[in-house]
Structure formats: structure tokens, C-alpha cells
Amino acid sequence: MIKEDMSRRSDTSLATLLLVSRAVPSEESPLSASEFWKLVEVVNDPARLLETSDDELAGTVGPVLAARVHTLLDRATSLAFQVEDLEHHGIKTLSALDDDYPPRWRERLGAAAPPVIHCAGPPQLLVSGGIAIVGSRDIAPAGARIAQEAANAAARDMRVVISGGARGTDKLAMQAALQCDGRVVGVLADALTRTADDPEVRRAIADELLCLTTPYAPTAPFSAGNAMGRNKLVYALADLTFVVATDEDNGGTWAGATEALQKHYGRVAAWTGEGAGSGNAALIKRGAVPIASISDLLASAVSGACEPTTPAHEQLGWAL
């Protein structure tokens, strides 16, 4: 059994990190999210793999995957140094089977739930629900005002404001909430280390008002693919996601909202007043809740906060 506790992690957490982390080089490609969750279906607890012989492992997962898993599990020392270095910079590494990991991601995303995330700031903000506010990067002044008003209202109502940290609507909403001493979660598609190094960001993290998180390597630069993968995490984390403005059939906001509606990642609402984008009405036709005022937004978030969801892993018969 591997004795390195990696900052007092459970063996389940350790095995998960070893199997999926891309933080250190490996001769074998780390498991993807879908591969990891399929493996969990077979072994139930990844910690079992730490004590399994090569022959037993081959009998459990097959010889091809067994060789890959063995190589990945053999990098505990290098991964421990990497995780410790991140912790020295204020960045925590959580596995999907840790207590601090957002349960909504496991429940709502199923095999798309990221097996490992990194976060800077209090992870308890990730399990508090809240109102996500998203929209176009190049948002019109009227839409920008609504995003800020929505964030202010959510902060006053003691609700966490969730967004993706992108230029435009996302940052406007996050900044507006922080200016009211509201609590904020940013799910990033670019380098967490760089964003967390900003002095104002560091102060908000130190005051336990802000948690930044990413499923990607903490130093990974922005990419369109990462942004698309990040979108579902925003929707699945929130009680309600408020789309301020989007263009129909165009852009990341439209893609994220329509995916969330189609796959039931979380409840979606769309602004109907001045500043709404051309795609807002189309989202409402697809099932988004129409929002004509900030009071409508708060009421809709309250009404949906406790709606039951069928956990995706239960739908697939997974034991977690």
C-alpha cells in the first residue's frame, strides 16, 4: 500500500488523483472523466487498486487498462510534490470522492463530472448553491447594468454569485457582488495561478468571499475547448443560472445554455427586458424561465433551490 499520505488524504482521494491528474508527466495518458467513472463502476472504491497485485488488477479491469493503471498509480511521489507546491501557493486539489467536492457535479453531470478540481479560496462556497450570472463578453450597457443589479441583489439576499470569470458579463457580475461583500464562485477556463495572483483577488480570497476553481491544470492557458467544458460546471453548481444576453445559435453562452437545458444540468432563466440578446427569447422557447425583473429572478431562484434531482450516478447504477 502507498504510505505517502499526501497532506493526510484518504487512499480513495489519493488513488483518484493518481489516475486522472495531469499535473505531472506520465508515460501513460491519465484517465478521462468518462474512463474514471466507468472504472468506479467496476471497482467501487479506487483505493482498492492501491493494494491490488498486477494479476488481480488485470483480472479486474483487463490487461490493457491494467498496465495503464499500474503506471499511473506509480507516480505518487512526484504527484505529492506537485500537490504540496500548489498548496504553498494557496491552491487546494480535490478529488471527486472528497467531502469538499461539490455533490451537485456528481449528481447532475454523471460521467461528465471532473474527477479532480483545483480551487483557491474556501471550498465550502462550492456547496452553497447560488445564482449563476452569465452572458456575452461584448455585452451592451443595458445588459451590463442588469448583470450588476442581479449580482448586487443576490449578494444582499445572501446568495452566492457564480460565474465563469470571463470578460464581460461574468466579471461584471462577480465584481459587483464582491463590492457588496457578497460571496462569489468563479469557475475558470484559464490559468488559476495567474488569476489568483491578482492583489484584489487575493484579498477577496483571504476574506473568504471568493473561491476560484477549475477542472483544468492550474497553469493551463485559456482555450475555447476549456471554456465549453467549463460552462456545464457553472450551470450544475447553481440553483438557477441567469442568462443576461446571448445571440441565437452563436457563441459560448448560447452553447452552454442550450446544453444545460437539453441535458438538465440545472435550471436556466433568461432576461426579457432591455439589454436582452437575440437568443434570449429562443432560450425561453426551449424551457428557460423568463425574467422581467430582479425580484422575478430572486423568486425563481428560491422556488427552484430545493427542487429534487435524480442523481446521475444513480441513473447509471453507480455506487459512490
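Along the sequence shown, residues are numbered consecutively beginning with 1. In what follows, every heavy atom counts, from backbone to side chain, and hydrogens, waters and symmetry copies are set aside.
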Report all side-chain donor-acceptor pairs from residues 109-131 shorter than 3.5 Å, counting only partners two or more places apart or in another chain.
| from | atom 1 | to | atom 2 | distance (Å) |
| --- | --- | --- | --- | --- |
| H118 | ND1 | T93 | OG1 | 3.1 |
| S128 | OG | Q124 | O | 3.0 |

TODO: Give a yes or no on whether the backbone of H264 and the side-chain of R108 come within a donor-acceptor separation of less than 3.5 Å.
DONE: no
Task: Hydrophobic cluster identity match, L73 and W37, side-chain contacts under 4.5 Å - done: yes
Task: salt bridge (charged side-chain N to carboxylate O under 4.0 Å, His left out) partners of E149, counting only residues at least two apart - done: R145
Task: D207 side chain reached by D181 side chain, heavy atoms, under 4.5 Å - done: no
- [ ] Apply side-chain hydrogen bond (donor to acceptor under 3.5 Å, both in side chains) to D170 and list each qualifying residue two or more places apart in sequence or on a separate chain.
- [x] S163
TODO: Determine the sole option in V244, I146, I139 for which the side chain to side chain contact (heavy atoms under 4.5 Å, CB included) test with L172 is passed.
DONE: I139
Open item on the list: List the residues meeting side-chain hydrogen bond (donor to acceptor under 3.5 Å, both in side chains) with R167, not counting sequence neighbours, and say none if there are none.
Closed with: D138
- [ ] Sequence neighbours left out, what passes salt bridge (charged side-chain N to carboxylate O under 4.0 Å, His left out) with D100? Give chain and number order.
- [x] none
Open item on the list: Can a donor-acceptor pair be found, under 3.5 Å and without considering hydrogens, that links the side chain of R104 to the backbone of A238?
Closed with: yes
Task: Of all pairs that satisfy ring pair (Phe, Tyr, Trp, His ring centres under 6.0 Å), the ones with a partner from residues 64-103, not counting sequence neighbours - done: Y101-W105
Open item on the list: Do V201 and I133 land in one hydrophobic cluster if side-chain heavy atoms of ILVMFWY residues count as linked below 4.5 Å?
Closed with: yes
Task: All pairs passing side chain to side chain donor-acceptor pair (under 3.5 Å) where residues 15-24 contributes a residue, at least two apart - done: none
TODO: Kindly indicate whether the side chain of R75, heavy atoms from C-beta on, has any atom under 4.5 Å from the side chain of L18.
DONE: yes
Task: Where at least one partner belongs to residues 205-239, residue pairs that pass ring pair (Phe, Tyr, Trp, His ring centres under 6.0 Å), sequence neighbours excluded - done: none
Task: Transitive ILVMFWY side-chain link F242 to L261, under 4.5 Å - done: no
Task: Within one Ile-Leu-Val-Met-Phe-Trp-Tyr cluster: I284 and L297, side-chain cutoff 4.5 Å - done: no
TODO: Answer yes or no: is there a side-chain heavy-atom contact under 4.5 Å between V268 and R286?
DONE: no
- [ ] I would like to know whether S293 and S295 meet side-chain hydrogen bond (donor to acceptor under 3.5 Å, both in side chains); could you show each step before the answer?
- [x] CA-CA 5 Å; S293 68; S295 59; 2.9 Å; yes
- [ ] Output all residues satisfying side chain to side chain contact (heavy atoms under 4.5 Å, CB included) with P63, sequence neighbours left out; order by chain, then residue number.
- [x] none
- [ ] Identify, with sequence neighbours excluded, every residue that meets salt bridge (charged side-chain N to carboxylate O under 4.0 Å, His left out) alongside K171.
- [x] none
- [ ] Treating Ile, Leu, Val, Met, Phe, Trp and Tyr as nodes and any side-chain heavy-atom pair under 4.5 angstrom as an edge, say whether V243 and I291 lie in one connected cluster.
- [x] no
Open item on the list: Donor-acceptor pair, distance only, cut-off 3.5 Å: does the side chain of N280 make one with the backbone of W271?
Closed with: yes
Task: Any N226 side-chain heavy atom under 4.5 Å of D190 side chain - done: no
Open item on the list: According to side-chain hydrogen bond (donor to acceptor under 3.5 Å, both in side chains), who are the partners of S32, at least two apart in sequence or on a separate chain?
Closed with: S34, E35
Task: Note, L212 side chain near M174 side chain (heavy atom, < 4.5 Å) - done: yes
Open item on the list: Enumerate the side chain to side chain donor-acceptor pair (under 3.5 Å) contacts for residues 195-204, please, sequence neighbours excluded, ordered by first and then second residue.
Closed with: D197-R202
